[in-house]
Amino acid sequence: MRIKLCGLVACAAMLVAGLVSCQQEEIPQSLQYPILFGYSDTRAVADLDDLKDNGFKVYAYFKGNTGNSATFEKEVTYDEDANVWGYEGLEYWIPGVEYWFKAFYPVSLEGVGSYGVTNTNSSQNLTISEFNITKQVDIMVASATAKVPEGASYPAGDNGSVVPLKFQHLLACVDIKIKSAISGITINKVTIGNADNLGEYSNDEWTSTSSDDIEVDSNKALTVGDDFVSVVGDGVLVIPASPAGKYLAVEASNGKTYEVDFPSTVDWEKGKKYSYTLEIKQSNIVFSEPKVDEWDSENATGSVIIK
């Protein structure tokens with residue numbers, strides 16, 4: 001088969017559509033089919049827009065090889081017109097060789113930490129060092145394995161040479177929803193006190209190395225009679241940990257600061273969203289146990305699926 005190297009976007013669009021009209025430059029028989037990443041779908045439009053605007057990084061290894069040397073490392077970006085995820089320097093499947101893929105968003109953690117991958121015969125271990133949660137950077141990761149069997153045209157499955165990636169959040173999300181029985185209340189600021197602000201990630205676990213307050217300017221006006229409303233936008237990103245010893249402080253326009261300890265009965269886990277409700281009454285406040293949603297459910301935000 002001959003494929004003209006006329007740019008990933010054009011060739012990828014044609015290949016995904018099942019067309020092979022590009023011609024001219026000879027591609028070896030053993031390297032016929034390009035490694036592609038497919039279309040996107042998500043319930044969280046904001047996160048998908050971020051992914052499209054900023055792209056993601058993919059590391060690929062031959063499964064079973066040792067050491068930290070990647071077979072290739074690419075920054076993958078989205079082409080709106082062609083509706084494909086592309087990268088420069090197109091890579092091709094080697095039949096019979098199984099690949100590991102590890103994808104990260106954002107492309108780098110410059111200023112808030114750093115990525116790394118430990119690659120062994122049996123697994124890949126993502127490591128994140130010196131991550132600072134106070135910058136509120138959403139971290140997502142995806143893993144996949146795929147290969148072209150000997151004598152076959154594409155990897156097994158329905159996606160042809162497209163590698164399907166499902167991104168998952170490595171952080172947890174805390175939402176604070178408030179309603180008030182007092183008129184004229186505006187929430188000025190929300191603080192998650194004594195939060196884990198620095199962390200290390202390895203072997204699918206977070207380890208906290210320091211703590212500090214996470215402050216969110218709210219400026220959310222509350223109307224008596226309204227149901228609970230979020231006062232922290234889409235939520236506060238937190239390092240997964242027990243909320244024991246952490247507290248919530250809500251600064252209101254009536255000059256009061258409402259402070260309460262987080263219940264320690266439900267741990268914050270990666271990929272989950274925790275919605276706490278706080279009701280301001282005339283003489284007291286009522287604080288709830290959290291409602292827990294998978295972050296990629298219809299009731300939460302943040303799922304990004306590459307397919």
Side-chain angles (χ1 to χ4, degrees), residues 44 46-47 50 106 109 111-113 131-139 169-199 206 208-270 272-293 295 299-302:
D47 281 351
D50 288 343
L109 291 176
V112 299
F131 178 70
N132 188 338
I133 194 65
T134 60
K135 303 295 185 179
Q136 291 292 283
V137 176
D138 188 10
I139 306 175
H169 294 273
L170 292 187
L171 300 172
C173 182
V174 171
D175 193 12
I176 307 298
K177 297 182 177 180
I178 302 180
K179 70 177 180 179
S180 177
I182 306 173
S183 62
I185 292 288
T186 295
I187 304 303
N188 296 329
K189 184 170 66 175
V190 175
T191 300
I192 297 179
N194 200 31
D196 302 296
N197 73 310
L198 294 177
W206 281 98
S208 300
T209 58
S210 181
S211 61
D212 200 356
D213 296 346
I214 301 176
E215 297 182 349
V216 179
D217 291 329
S218 178
N219 298 315
K220 183 70 175 182
L222 303 179
T223 301
V224 175
D226 284 355
D227 201 357
F228 293 98
V229 295
S230 178
V231 295
V232 290
D234 292 329
V236 181
L237 300 177
V238 295
I239 293 174
S242 168
K246 301 171 179 57
Y247 64 90
L248 174 69
V250 178
E251 182 183 300
S253 59
N254 62 355
K256 293 185 178 181
T257 297
Y258 302 91
E259 188 171 307
V260 64
D261 291 336
F262 280 100
S264 58
T265 52
V266 178
D267 288 346
W268 295 337
E269 299 178 12
K270 63 183 179 181
K272 292 187 177 181
K273 187 172 186 177
Y274 301 82
S275 298
Y276 294 87
T277 58
L278 187 152
E279 185 174 359
I280 300 175
K281 298 189 174 184
Q282 294 291 343
S283 58
N284 65 344
I285 61 172
V286 178
F287 190 56
S288 73
E289 290 279 341
K291 177 179 179 290
V292 183
D293 287 311
W295 205 344
N299 300 317
T301 60

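As the structure is a prediction and not an experimental result, all values here were calculated from the model.
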Measure the [atom1]-[atom2] distance between [X] and [Y] for me, rounded to the nearest 0.5 Å.
| X | Y | atom1 | atom2 | answer |
| --- | --- | --- | --- | --- |
| Lys220 | Ser253 | NZ | OG | 14.0 Å |
| Lys270 | Leu171 | NZ | CG | 10.5 Å |
| Glu289 | Ser264 | CD | OG | 8.0 Å |
| Leu278 | Ile178 | CG | CD1 | 5.0 Å |
| Lys135 | Leu237 | NZ | CG | 14.0 Å |

Closest non-hydrogen atom pair between [X] and [Y], with its separation:
| X | Y | value |
| --- | --- | --- |
| Gly233 | Ser230 | O-OG, 2.9 Å |
| Lys273 | Asp234 | NZ-O, 3.4 Å |
| Gly235 | Cys173 | CA-SG, 3.7 Å |

- request: Kindly write out the residues that satisfy ring pair (Phe, Tyr, Trp, His ring centres under 6.0 Å) with Tyr276, not counting sequence neighbours, or none if the list is empty.
  value: Phe262, Phe287
- request: Examine distances only and state if a side-chain atom of Trp206 and a backbone atom of Leu170 form a donor-acceptor pair shorter than 3.5 Å.
  value: yes
Listing, residues 238-252 side-chain donor-acceptor contacts under 3.5 Å, not counting sequence neighbours, or none:
unit_1: Ser242; atom_1: OG; unit_2: Ala244; atom_2: N; d: 3.1
unit_1: Lys246; atom_1: NZ; unit_2: Asp196; atom_2: OD2; d: 3.1
unit_1: Lys246; atom_1: NZ; unit_2: Ser242; atom_2: O; d: 2.8

message: I need the full list of salt bridge (Lys or Arg N to Asp or Glu O under 4.0 Å) pairs touching residues 256-269, with sequence neighbours left out, sorted by first then second residue.
response: Glu269-Lys272
Solution key, residues 210-217 side-chain donor-acceptor pairs under 3.5 Å, sequence neighbours excluded:
unit_1: Ser210; atom_1: OG; unit_2: Asn197; atom_2: OD1; d: 3.3
unit_1: Ser211; atom_1: OG; unit_2: Asn194; atom_2: OD1; d: 3.2
unit_1: Asp213; atom_1: OD1; unit_2: Asn194; atom_2: N; d: 2.9

field: With sequence neighbours excluded, residues passing side chain to side chain contact (heavy atoms under 4.5 Å, CB included) with Ser288
entry: Thr277
Enumerate donor-acceptor pairs with a distance under 3.5 Å from any side-chain N or O in residues 181-189 to protein atoms, sequence neighbours excluded.
none

message: For a 4.5 angstrom cut-off between non-hydrogen side-chain atoms, does Lys179 reach Asp226?
response: no
